[in-house]
Amino acid sequence: MPRLPRLVAALLFALTAAACSVPDPQDLPRPAPRDVAALAQAITDLGPQVDPDEARRMARIAYDYPLRLAVEYQVEDRPIIHNMKVNQGLKPRGLCYQWADDLESRLSAEGFQTLELQRAIANSESAIRIEHSTVIVTAPGASLYDGIVLDPWRNGGVLFWDKVRDDTRYPWLPREEVFKRKRARFGEARAQ
């Protein structure tokens, strides 16, 4: 092979590899301090027993950790496209429940005393929309519906958050309620 075609082939390979590479976490868009502070305040406002220091720590982790996951999951596309790639075995992880599992695990490792994590699922009864999972933070003993959605999947690693009642895009239900209904339905189907 002559020298010029080898050089062109090497250059094309390098460009292709660069186009497929995943950015380092420090290259992803960093949350603005005001955004982290707003989430910390919203978490603090969940109840008088919530420790503001815990709320600040949770807010920082909830923003930063999904950026790391985006790199680990090799996110390069919109969430629905990434889901297809995960399901085809082209990407390692990144389905909504995996984002929620990993974020919940990381937050649980902090051992928060004045905050509680709950899980929610939306669209479990929809024939059209895909099911979606997330993490909810509440004051201890509070209803899931009085909490805050922490959703890293929706924006591919850039945290989305809102009060559960204000997140009109998804009709959230407690995960255990959804699982209980599915187990009952499965039991009925097996009995027939």
Side-chain angles (χ1 to χ4, degrees), residues 22-83 93-123 129-175:
V22 176
D24 289 327
Q26 60 268 19
D27 295 335
L28 292 170
R30 306 308 304 169
R34 71 179 179 280
D35 295 334
V36 177
L39 175 56
Q41 187 60 56
I43 294 171
T44 300
D45 292 345
L46 289 172
Q49 72 274 42
V50 174
D51 178 349
D53 289 332
E54 283 194 0
R56 281 190 290 276
R57 197 164 83 239
M58 179 175 281
R60 171 55 56 200
I61 293 166
Y63 265 105
D64 287 344
Y65 190 64
L67 297 175
R68 248 184 78 196
L69 293 177
V71 173
E72 290 178 24
Y73 296 169
Q74 303 170 14
V75 174
E76 301 167 319
D77 302 294
R78 293 180 47 224
I80 201 73
I81 302 299
H82 188 80
N83 276 14
R93 287 174 69 79
L95 302 176
C96 62
Y97 79 88
Q98 293 167 332
W99 287 96
D101 286 350
D102 291 348
L103 181 58
E104 179 185 31
S105 178
R106 175 63 187 89
L107 292 171
S108 292
E110 290 295 308
F112 294 113
Q113 299 297 305
T114 66
L115 296 167
E116 191 172 281
L117 298 173
Q118 299 187 43
R119 290 291 293 275
I121 297 175
N123 303 327
R129 299 185 71 194
I130 63 168
E131 200 169 277
H132 183 36
S133 297
T134 199
V135 177
I136 309 288
V137 58
T138 65
S143 164
L144 171 139
Y145 300 104
D146 293 323
I148 296 171
V149 173
L150 301 175
D151 186 357
W153 174 85
R154 197 177 306 196
N155 298 318
V158 176
L159 183 71
F160 169 89
W161 68 271
D162 201 351
K163 293 178 181 177
V164 173
R165 295 181 197 276
D166 293 342
D167 185 12
T168 56
R169 183 168 178 191
Y170 290 101
W172 297 111
L173 295 172
R175 180 173 69 171

Is it true that Trp153 and His82 have ring centroids separated by less than 6.0 Å? no

Among Thr114, Leu115, Thr138, whose side-chain contact (heavy atoms from CB on, under 4.5 Å) with Ile43 holds? Leu115

Any donor-acceptor pair under 3.5 Å linking the side chain of Arg119 with the backbone of Ser133? no

Would Asp167 and Arg154 count as a salt bridge (Lys or Arg N to Asp or Glu O under 4.0 Å) if you check the C-alpha gap in whole Å, the side-chain angles of each, and the deciding distance to 0.1 Å? CA-CA 12 Å; Asp167 185 12; Arg154 197 177 306 196; 2.8 Å; yes

Once rounded to the nearest 0.5 Å, what's the spacing between atom CG of Leu107 and atom CZ of Phe112? 5.5 Å

Would you list the pairs meeting salt bridge (charged side-chain N to carboxylate O under 4.0 Å, His left out) in which at least one residue belongs to residues 34-52, sequence neighbours left out? none

Main-chain N/O of Arg57 paired to Glu110 side chain as donor or acceptor, under 3.5 Å: no

Side chain to side chain contact (heavy atoms under 4.5 Å, CB included) assessment of Asp151 paired with Trp161: CA-CA 6 Å; Asp151 186 357; Trp161 68 271; over 6 Å; no

For the residue pair Ile121 and Trp172, establish whether any side-chain heavy-atom pair is separated by less than 4.5 Å. no

Partner of Asp102 under side-chain hydrogen bond (donor to acceptor under 3.5 Å, both in side chains), picked from Tyr97, Tyr65, Tyr73, is Tyr73

Under the 3.5 angstrom rule, does the side chain of Trp99 hit a backbone N or O of Gly94 as a donor-acceptor pair? yes

Taking Gly157's backbone N and O only, do any of them form a donor-acceptor pair with Asn155's side chain (distance below 3.5 Å, no angle check)? no

Could you check whether Asp146 pairs with Lys163 (Lys NZ or Arg NE/NH1/NH2 to Asp/Glu carboxylate O, under 4.0 Å)? no

Main-chain N/O of Ala142 paired to Gln118 side chain as donor or acceptor, under 3.5 Å: yes

Arg169 to Phe160, cation-pi by 6.0 Å centre distance and 45° axis angle: no

Would a 4.5 Å heavy-atom cut-off, applied to side chains only, mark Met58 and Leu117 as touching? yes

Check: Ser105 side chain, Asp101 main-chain N or O, donor-acceptor pair, under 3.5 Å: no

